[in-house]
Amino acid sequence: MEPIILTTGRLRLRPFAPDDADAVYEACQDPDIQRWTVIPSPYGRPDAEFFTARLCPDGWRDGSMYNFAVVPRTGGALIGALGINSRSGPGTYEVGFWTAKEHRGLGYMTEAVLCAARWSFTSLGCDRLEWKAETGNVPSRAVALRAGFRMEGDQRSGLLNKGVRRDTWVGALLPSDLGLPSTRVYIPAGDVSAAP
């Protein structure tokens, strides 16, 4: 897929470019980002260069992941990163994100997640957008809840982070949660009237 730019009232979600490496490197020095995400730790300049110049463009090209730099709509410093990854089978994608420390608590990432979710449902044929975070990552859970994700439970050993298996919280957002149609029929459990 050709990379695209998404916009909200305050934000632009654009593909990462090689010249974002400095901003990504600086943001990822934050111990919280290194602790709660699966980025390398310690995070070096070569990691940022690989992410911005290779991993992100390759993901757009092969359709495996769509990584966006989240920046102010009117221009300015990197606010965070958001990725939509195709990992769980047809029609199911996973969202992941981090926010630079100085931009937390302002609602930016919730706004970005909702924008990316609408795009996923309308352009990617996504019928289920999953969110997963290590148990204890309260800020990530707060973003997911504000964006409308329904918490579905815990997964034991659901995430491999820096060589260690960790438990995770899991949630999902469906097109209908945002008033959008699904590409496939969905029959909720217990809805006997809709069963074939």
Side-chain angles (χ1 to χ4, degrees), residues 1-8 11-73 75-104 108-109 111-126 129-134 137 139-140 143-144 158-166 168:
M1 172 182 282
E2 285 297 314
I4 60 154
I5 295 174
L6 305 173
T7 58
T8 71
L11 305 172
R12 259 184 7 150
L13 282 66
R14 61 164 176 77
F16 277 98
D19 60 2
D20 291 314
D22 287 338
V24 170
Y25 170 74
E26 289 300 322
C28 290
Q29 297 312 297
D30 179 3
D32 287 334
I33 292 175
Q34 290 188 30
R35 165 64 182 91
W36 294 110
T37 70
V38 296
I39 68 166
S41 181
Y43 194 83
R45 173 73 188 189
D47 297 313
E49 291 170 354
F50 176 75
F51 177 74
T52 58
R54 181 100 185 268
L55 192 65
C56 291
D58 287 354
W60 279 94
R61 199 170 12 266
D62 67 21
S64 62
M65 65 179 75
Y66 308 101
N67 286 310
F68 293 95
V70 179
V71 297
R73 187 171 183 166
L78 180 70
I79 291 171
L82 182 147
I84 301 291
N85 303 305
S86 174
R87 294 190 189 175
S88 306
T92 303
Y93 290 80
E94 183 179 334
V95 64
F97 49 84
W98 56 256
T99 308
K101 189 173 190 169
E102 62 273 16
H103 298 292
R104 292 180 191 147
Y108 290 133
M109 197 49 67
E111 190 174 322
V113 168
L114 280 167
C115 177
R118 284 185 189 94
W119 173 74
S120 299
F121 294 141
T122 59
S123 298
L124 294 180
C126 178
L129 185 60
E130 296 179 344
W131 162 87
K132 183 188 290 189
E134 185 179 329
N137 189 347
S140 182
V143 168
L159 176 70
L160 181 63
N161 189 355
K162 297 163 189 68
V164 177
R165 301 289 320 182
R166 300 181 184 271
T168 61

Tell me, do Trp36 and Asn161 make a side-chain contact under 4.5 Å, heavy atoms counted?
no
Are more than 12 heavy atoms from other residues, nucleotides or ligands located less than 6.0 Å from atom CZ of Arg54?
no
Return yes if some donor-acceptor pair links the side-chain N/O of Asp20 with the main-chain N/O of Ala17 below 3.5 Å, else return no.
yes
Run the side chain to side chain contact (heavy atoms under 4.5 Å, CB included) test on Leu55 and Met65 for me, step by step, so that the C-alpha distance in whole Å, both residues' side-chain angles and the decisive distance to 0.1 Å come before the verdict.
CA-CA 9 Å; Leu55 192 65; Met65 65 179 75; 4.1 Å; yes
Search all heavy atoms of Ala21 against all heavy atoms of Thr52 and return the closest pair with its distance.
CB-OG1, 3.7 Å
Using side-chain heavy atoms (C-beta onward) and a distance below 4.5 Å, is Cys28 in contact with Trp98?
yes
Below 4.5 Å, heavy atoms only, C-beta onward: do Glu94 and Ile84 meet side chain to side chain?
no
I want to check something: taking the side chain as every heavy atom from C-beta on, are Asn67 and Leu82 in contact at a cut-off of under 4.5 Å?
no
For Gly63 and Ser86, work out which heavy atoms get closest and say how close.
O-CB, 3.9 Å
Is the shortest distance from a Lys or Arg side-chain nitrogen in Asp30 or Arg35 to a carboxylate oxygen in the other one below 4.0 Å?
no
Separation between CD of Glu134 and OG1 of Thr168, rounded to the nearest 0.5 Å
9.0 Å
Taking every heavy atom of Arg165 against every heavy atom of Gly158, the minimum-distance pair comes out as NH2-C, 4.0 Å
Could you give the distance from CH2 (Trp119) to CG (Leu124), rounded to the nearest 0.5 Å?
4.0 Å
Rounded distance [0.5 Å steps], CD in Glu26 versus CD in Glu102:
10.0 Å
When every non-hydrogen atom of Leu160 is compared with those of Gly163, the smallest separation belongs to CD1-C, 3.7 Å
Side-chain contact, heavy-atom cut-off 4.5 Å: Thr7 with Leu13?
no
Any chance you could measure Arg118, atom CZ, to Cys126, atom SG, to the nearest 0.5 Å?
13.5 Å
Can a side-chain donor-acceptor contact be found between Thr8 and Glu111 if the only test is distance below 3.5 angstrom?
yes
Just how far is it from atom OG of Ser140 to atom CG of Asp32, taken to the nearest 0.5 Å?
12.0 Å
Could you check if a side-chain atom of Tyr108 sits within less than 4.5 angstrom of a side-chain atom of Thr99, using non-hydrogen atoms only?
no
Hey, mind stepping through Asp58 and Arg61 against salt bridge (charged side-chain N to carboxylate O under 4.0 Å, His left out) and telling me if it holds?
CA-CA 5 Å; Asp58 287 354; Arg61 199 170 12 266; 2.5 Å; yes
Less than 4.5 Å apart, any side-chain heavy atom of Trp60 and any of Ile4?
yes
Do the ring planes of Tyr93 and Tyr66 sit parallel (below 30°), tilted (30 to 60°) or perpendicular (above 60°)?
tilted
For a side chain to side chain contact (heavy atoms under 4.5 Å, CB included) check, start with the C-alpha distance between Glu130 and Thr92, then their side-chain angles and the critical distance, and finish with the verdict.
CA-CA 7 Å; Glu130 296 179 344; Thr92 303; 3.6 Å; yes
Value for SG (Cys115) from CZ (Phe68), rounded to nearest 0.5 Å, stands at 7.5 Å
Quick one, Val70 with Phe97, criterion side chain to side chain contact (heavy atoms under 4.5 Å, CB included). Give me CA distance, side-chain angles, the key distance, then yes/no.
CA-CA 10 Å; Val70 179; Phe97 49 84; over 6 Å; no
Lys132 side chain to Leu159 backbone, donor-acceptor under 3.5 Å:
no
Do other residues, nucleotides or ligands put more than 12 heavy atoms under 6.0 Å from Lys162 NZ?
yes
Locate the shortest heavy-atom distance separating Phe51 from Pro57; write the atom from each residue and the value.
O-CD, 4.4 Å
When you measure from the side chain of Asp47 to the backbone N and O of Gly44, does any donor-acceptor pair fall under 3.5 Å?
yes
What heavy-atom pair brings Ala81 and Met109 nearest, and what distance separates the two atoms?
O-CE, 3.9 Å
Check against side chain to side chain contact (heavy atoms under 4.5 Å, CB included), Leu11 and Val71:
CA-CA 6 Å; Leu11 305 172; Val71 297; over 6 Å; no
Kindly indicate whether the side chain of Ile5, heavy atoms from C-beta on, has any atom under 4.5 Å from the side chain of Arg12.
yes
